[in-house]
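Read through the structure below, which is laid out as structure tokens, and then see the notes.
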Amino acid sequence: MNANVLPRWRQPSATQIRVVKVVIFVLCVLPALRLGVLMWRNELGANPIEHITRATGWWALTVLALTLAVTPLRRVLSVHWLLRVRRMLGLFCFFYASLHFVTYVWLDQFFDWQGIIADVIKRPFITVGFSALLAMTPLALTSTSAMVRRLGAKRWLALHRLVYLVAILGVVHFLWLVKKDLTEPLVFFGVFALLLGVRVVYWLKDRRPGPAGPLRTSVPKMP
Amino acid sequence: MLRRSSDIAPSEITPRDLFERRREFLRDIGLAGIAAGASALVLPAFAQGPAKVFANAKKSAFSTTEPATPYKDVTTYNNFYEFGTGKEDPAERAGTLKTRPWTVMVDGECAKPKRWDIDEIVRLAAVEERIYRMRCVEGWSMVIPWNGFPLSELIRRAEPTSKAKYVEFVTLNDDRQMPGLRSGVLEWPYVEGLRIDEAMHPLAILCVGLYGELLPNQNGAPVRVVVPWKYGFKSAKSIVRIRFTEQEPRTAWNKAIPREYGFYSNVNPAVDHPRWSQARERRLGEFGKRPTLPFNGYAEQVASLYAGMDLKRYF
Ligand code: HEM
């Protein structure tokens with residue numbers, strides 16, 4: 001394919017990509033900033049700790065969905081440069097999950113480790129959330145280019161398949177914690193089922209090249 | 001606007017007949033629109049200092065001396081699934097609830113069934129102030145100055161028969177007034193119930209107000225029960241029917257998830273919810289968590305109701 005005939009949105013310049021990255025960065029910071037402002041103005045409602053816990057958990061899961069949308073979008077629309085924002089999205093997911101965890105340990109339980117341990121054992125949804133955070137941590141730690149090089153692309157990719165586990169654990173965590181109204185966790189379930197389903201379809205397609213052969217891209221399959 | 005002004009129910013402040021004649025008069029001369037506009041101007045003043053129709057409610061020895069949760073929190077953080085499952089939904093959406101006229105059918109196993117008008121109920125007995133702890137099954141709590149009188153006052157007048165072992169409370173089921181009813185999150189109408197001895201206990205009240213004013217819609221207007229030693233969902237709101245039964249009522253949350261919500265649902269730190277611990281609670285406005293007390297701190301008054309019962313089994 002001749003790169004020159006691709007429309008701009010498919011092949012932006014380095015500067016344009018940098019601008020897009022800044023915009024996405026700012027958008028990803030906004031929810032945290034909003035919480036900060038609401039806290040400062042004492043406008044978090046009757047149960048501020050619950051508000052913060054829920055908002056940070058919700059954003060962790062939402063940003064995770066956006067992160068997992070990169071690969072399918074890239075393939076469907078052939079916008080390969082999207083890969084360049086994926087790391088940032090993944091790290092923002094980890095950022096919100098960490099805030100969520102800190103909220104729980106600090107504001108909710110106030111470092112009552114005995115209570116926390118009891119909670120992790122007693123409340124299965126906490127166990128699952130905790131597992132999701134644990135599974136996320138090595139991904140965040142190996143997100144740098146240096147780590148990709150050190151691990152080698154193959155091992156790095158294998159490790160980062162853990163993100164699928166994180167998605168499943170995240171949704172189970174949400175499904176398990178609501179009292180009765182499953183609407184919102186089911187929406188997340190649907191979104192993640194779609195995002196993972198697309199991957200399965202592509203995987204099956206790529207596995208058995210038909211007479212026409214699959215439309216292979218030069219980019220390696222990424223989780 | 002007209003609807004909003006009816007929430008304030010000036011019928012409680014102005015003698016009822018006078019109030020109604022005023023409405024007729026306005027309609028007759030076709031000034032209803034102007035009246036609506038005028039009440040819009042007056043309303044903010046009401047919102048600042050709500051009409052304290054129960055300002056003289058007599059104090060009760062059952063009241064706690066703990067600091068009350070601020071009015072704003074009591075009226076903006078509610079579970080009332082008839083208006084949605086979010087905590088802010090009831091305050092935002094309960095404006096459509098029309099609390100006058102309103103009747104409560106009292107029937108079932110009793111000698112004197114009767115359809116009560118809400119204004120009759122409000123005058124049935126001396127309205128008291130009862131400052132109660134309220135513990136939600138979700139693990140948070142408030143302290144609320146309710147206005148009401150013992151539920152037994154109404155029950156006595158119905159003269160329940162010897163077959164009346166239980167009392168069932170049914171909430172309004174009108175999806176034009178309660179948008180949440182269009183969701184299938186619970187089986188509607190919302191039904192709650194008590195054993196008759198629980199319902200006759202002096203702590204159980206029929207509640208028509210809070211903080212000295214008429215119950216705000218989101219808190220279960222115009223009439224609800226408050227049973228302070230049980231988890232909040234046991235205290236049925238916006239009641240249209242009270243029925244005496246021989247069989248244990250099939251209550252809404254029990255029908256929905258029987259493993260998690262028992263008929264009794266007494267506050268009990270020793271019996272965990274299957275998915276979370278009930279040992280502690282967050283009192284709204286406080287930073288740390290405090291231990292949850294058996295029967296929500298009312299054990300001295302009510303524990304005897306359950307003498308000999310295995311509270312783990314009858315959760
Ligand atoms: C150590 C790890 C975690 C702990 C202790 C934890 C704990 C909690 C708690 C206590 C709640 C609030 C429950 C309630 O208000 O009833 C919650 C909600 C939530 N958490 Fe977590 N969580 C953890 C990890 C995660 C992770 C990794 C994700 C996402 C990837 C996540 C997503 C959510 C979501 C979406 C909600 C619900 C938000 C809402 O109600 O809108 N959590 N979590």
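Chain A is the first sequence line, chain B the second, and so forth, proteins listed ahead of strands; every chain is numbered from 1.
- Legend: residues meeting salt bridge (charged side-chain N to carboxylate O under 4.0 Å, His left out) with A:D181, ordered by chain and number and at least two apart, are absent.
- For the pair B:R280 and A:D112, the salt-bridge criterion is met [side-chain N within less than 4.0 Å of a carboxylate O].
- Within 6.0 Å of the CG atom in B:D310, the count of heavy atoms belonging to other residues, nucleotides or ligands exceeds 12.
- Residue A:W40 places its CH2 atom among 12 or fewer non-hydrogen atoms of other residues, nucleotides or ligands, all under 6.0 Å distant.
- When all heavy atoms of B:W276 and A:L177 are compared, the pair lying nearest together is CZ3-O, 4.3 Å.
- The existence of a salt bridge linking B:D272 and A:R123 is excluded, since no basic side-chain nitrogen approaches an acidic carboxylate oxygen closer than 4.0 Å.
- Using a 4.5 Å cut-off between heavy atoms, B:E88 makes no contact with chain A at all.
- Checked by atom type and distance alone, the side chain of B:R275 never pairs as donor or acceptor with a backbone atom of A:P124 at under 3.5 Å.
- More than 12 heavy atoms of other residues, nucleotides or ligands shown are found within 6.0 angstrom of CD on A:E43.
- Counting non-hydrogen atoms of other residues, nucleotides and ligands closer than 6.0 Å to CZ of B:R313 gives a total of 12 or fewer.
- The line from CG of A:N47 to CH2 of B:W140 is 8.5 Å long, rounded to the nearest 0.5 Å.
- For A:F125, the CZ atom counts as densely surrounded, since its 6.0 Å shell holds more than 12 non-hydrogen atoms of other residues, nucleotides or ligands.
- With a 4.5 angstrom heavy-atom cutoff, B:K87 touches chain A only via side-chain atoms.
- Looking only at side-chain heavy atoms (C-beta outward), B:Y261 and A:K180 stay at 4.5 Å or farther from each other.
- Residue B:E248 qualifies as enclosed at atom CD: its count of foreign heavy atoms under 6.0 Å is above 12.
- Side chains of B:K289 and A:F110 form no contact here, defined as non-hydrogen atoms less than 4.5 Å apart.
- Counting all heavy atoms, side chain and backbone alike, B:V137 lies closest to A:K179 at CG1-NZ, 4.1 Å.
- A donor-acceptor pair under 3.5 Å is formed between the side chain of B:R282 and the backbone N or O of A:D108.
- With a 4.5 Å cut-off on non-hydrogen atoms, B:N79 touches chain A through its side chain but not through its backbone.
- There is no contact between B:V74 and chain A, counting heavy-atom distances below 4.5 Å.
- Atom NZ of B:K72 has 12 or fewer heavy atoms from other residues, nucleotides or ligands within 6.0 Å.
- Separating the CD1 atom in A:I126 from the OG atom in B:S277 is a distance of 11.0 Å, to the nearest 0.5 Å.
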